[in-house]
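Shown next, in structure tokens, is the structure this report addresses.
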Amino acid sequence: MPAAQKLFALIDCNNFYVSCERIFNPQLAQKPVVVLSNNDGCVVSRSNEAKALGVAMGVPLFKIADLVKSAGIVTLSSNYALYGDISERIMSILGTFSPSQEIYSIDECFLDFTGLPDPDDIGREIRQIIKQQIGVPVCVGIAPSKTLAKLANFLAKKLATPDGTFNLASLPPEKVENLLGRIPVEEVWGVGRKLKPRFETLGIRTVRDLRDSDAELMQKQFSVVLKRTILELRGQSCLDLTEMAPARKQIVSSRSFGRYVYTLEDLEQAVTSYMSNAAVKLRTDGSMAGALSVYIKTNRYAKADELYAQSMTMTLDHATDDTLILVKKAIHGLREIYRPGYAYQKAGVTLMDLSAKAERQLSLFQSEEKVTKSEKLMKLLDSTNGALGKGSLFLASEGSNQTWKMKSDYLTQEYTTKWPELAVVKAR
DNA sequence: TCTGGGGTCCTAGGACCC
DNA sequence: TCTGGGGTCCTAGGACCC
């Protein structure tokens, strides 16, 4: 007996960050709303009303200032603690609909629908339950490969099907031909802005054009990844569902500053702060870092003689998850690359060469006593901040007056994650 | 005045080895 | 005059994703 035809569902939340904000603020319904990136820099989520006004994804806020004013667009700073919490709730509900789930990003996941008797019905049920229990609208795309499921989801959104579900697998072939012949090729998962113009010269403009191109030839001209994409578009599943996300290979913490920064002292505060943040993630993962890098840069739009960007990568004598050691090393690197006289716009740190702490071996030169002491201190740091809130306990070198800190002028409350800011429900 | 942050994978090319 | 070649490891950079 041949193996059952594979079937994947992709569930994607609509306008996710805006939808999260709307749960707690019904006044935002039907209004043009955008959520901004860190530092209130760019638009990263738009309500349908904002899209209809022509607000582009990723556009810097200052470029649409006039429109914001004239059209009354509501602008909100991003509130990742809130979105992360809503995401977890949604993902745990979605997980009950299939034995196998891959959480692909904060607002989307794949489910294995292989062999399910009525996939369309389940898609509709998913949409209804998430709307009812969480209050976030989702769309469901169903198809025999992950790449096609992404496209099916795109169609569910674009065609605004009333039930928010679109199944490419149950469509008559001539309809599929017609649809794929009308979708621009850049909508395909894995086709970005660099590939599009190169495809153009080959006469590949639609999804159908790409699907029908010579897969071997395209691999030679582009990459093996693209060949897989082409096969997936033909309904041949090449990408499996990965349930267990493999351990992260690096941890990055970086931020643009709220104003330009000139002094080493301010940069040291920022780097201390970012590294402390990265180290918390490291310990949460149960990992240790064997190397790290630190970088600083001026505004990339600055004039040529005012441009400066430098980074430094350093290896640690032995892998660690100790904030104090990591910060010390990062600061050392920062002092090496710092040059006075520049207007710095951003700094960041990366933890690399990560390994599982459980598999640690003490190196010859590490004393057991020292390691235990560090362990205790880190536990205290994490538990205090866990109980009293992020930032309750921090290194003095982070500074307590961080004038360089990012802008977040339109921040909503942390409705679900901080006790003092829980939404208050009034009974009457 | 004001242009995000955090990831992954692949490839090309250099260093090195035998 | 002729002046190996294949394998592996590492890194930087490119491209893509959300």
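The basis for the numbers below is simple: all heavy atoms, side chains too, and nothing from hydrogens, waters or symmetry mates. Convention: sequence-line order gives letters A, B, ...; per-chain numbering from 1.
Within 4.0 Å of A:Lys150, counting heavy atoms only, lie sugar-phosphate atoms of the nucleic acid but no base atom. Nucleic acid contact class of A:Val59 (heavy atoms, under 4.0 Å, all strands): none. Using a 4.0 Å heavy-atom criterion, one finds that A:Val43 contacts no nucleic acid atom at all. The residue A:Arg228 sits close only to the backbone: its heavy atoms come under 4.0 Å of sugar-phosphate atoms, none of a base.
Judged by distance alone, the side chains of A:Arg283 and A:Thr323 do bring a donor and an acceptor atom under 3.5 Å apart. In this model, no donor atom of one side chain and acceptor atom of the other lie less than 3.5 Å apart for A:Tyr338 and A:Gln310. Neither side chain, A:Thr263 nor A:Glu265, offers a donor N or O lying under 3.5 Å from an acceptor on the other. A:Ser77 and A:Asp40 are linked by a side-chain donor-acceptor pair at a separation below 3.5 angstrom, with hydrogens and angles left out of the test. With no hydrogens or angles considered, no side-chain donor-acceptor pair links A:Thr165 and A:Arg127 at under 3.5 Å.
Look at NZ on A:Lys194: it is 18 Å from P on B:dT11, rounded to the nearest Å. Atoms CG (A:Asn14) and C1' (C:dC18) sit 15 Å apart, rounded to a whole Å. Rounded to an integer number of Å, the gap from CZ of A:Phe199 to P of C:dA15 is 13 Å. A straight line from CG of A:Leu10 to C1' of C:dC17 spans 13 Å, rounded to a whole angstrom. The separation between A:Glu102 atom CD and C:dC17 atom P is 16 Å, rounded to whole Å. One interatomic measurement links the two molecules: CD of A:Glu108 to P of C:dC16, which rounds to 17 Å at whole-angstrom precision. The distance between atom CD1 of A:Ile106 and atom P of C:dC17, rounded to the nearest whole Å, is 19 Å. When rounded to the nearest whole Å, the span between CZ of A:Phe154 and C1' of C:dC18 equals 16 Å.
The aromatic rings of A:Phe110 and A:Trp189 are tilted relative to each other, their planes meeting at an angle between 30° and 60°.
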Could you go through A:Glu102 and A:Lys146, starting from their C-alpha distance and side-chain angles, then the distance that decides it, and tell me whether this counts as salt bridge (charged side-chain N to carboxylate O under 4.0 Å, His left out)? CA-CA 11 Å; A:Glu102 174 184 340; A:Lys146 286 166 91 174; 2.7 Å; yes

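As the counterpart of C:dC18, B:dG5 is assigned, both hydrogen-bonding distances of the Watson-Crick or G-U wobble pattern falling under 3.5 Å.
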Restricting to nitrogen or oxygen on both sides, can you table the protein-nucleotides 1-7 of chain B pairs closer than 3.5 Å?
unit_1, atom_1, unit_2, atom_2, d
B:dC2, OP1, A:Tyr260, OH, 3.2
B:dT3, O2, A:Tyr301, OH, 3.3
B:dG4, OP2, A:Arg300, NH2, 2.8
B:dG4, O4', A:Ser37, OG, 2.8
B:dG5, OP1, A:Ser256, N, 2.4
B:dG5, OP2, A:Ser256, OG, 3.1
B:dG5, OP2, A:Lys346, NZ, 3.0
B:dG5, O3', A:Arg255, NH1, 3.1
B:dG6, OP1, A:Arg255, NH1, 3.2
B:dG6, OP2, A:Ser254, N, 2.7
B:dG6, OP2, A:Ser254, O, 3.1
B:dG6, OP2, A:Ser254, OG, 2.7
B:dG7, OP1, A:Arg248, NH1, 2.4
B:dG7, OP2, A:Val252, N, 2.6

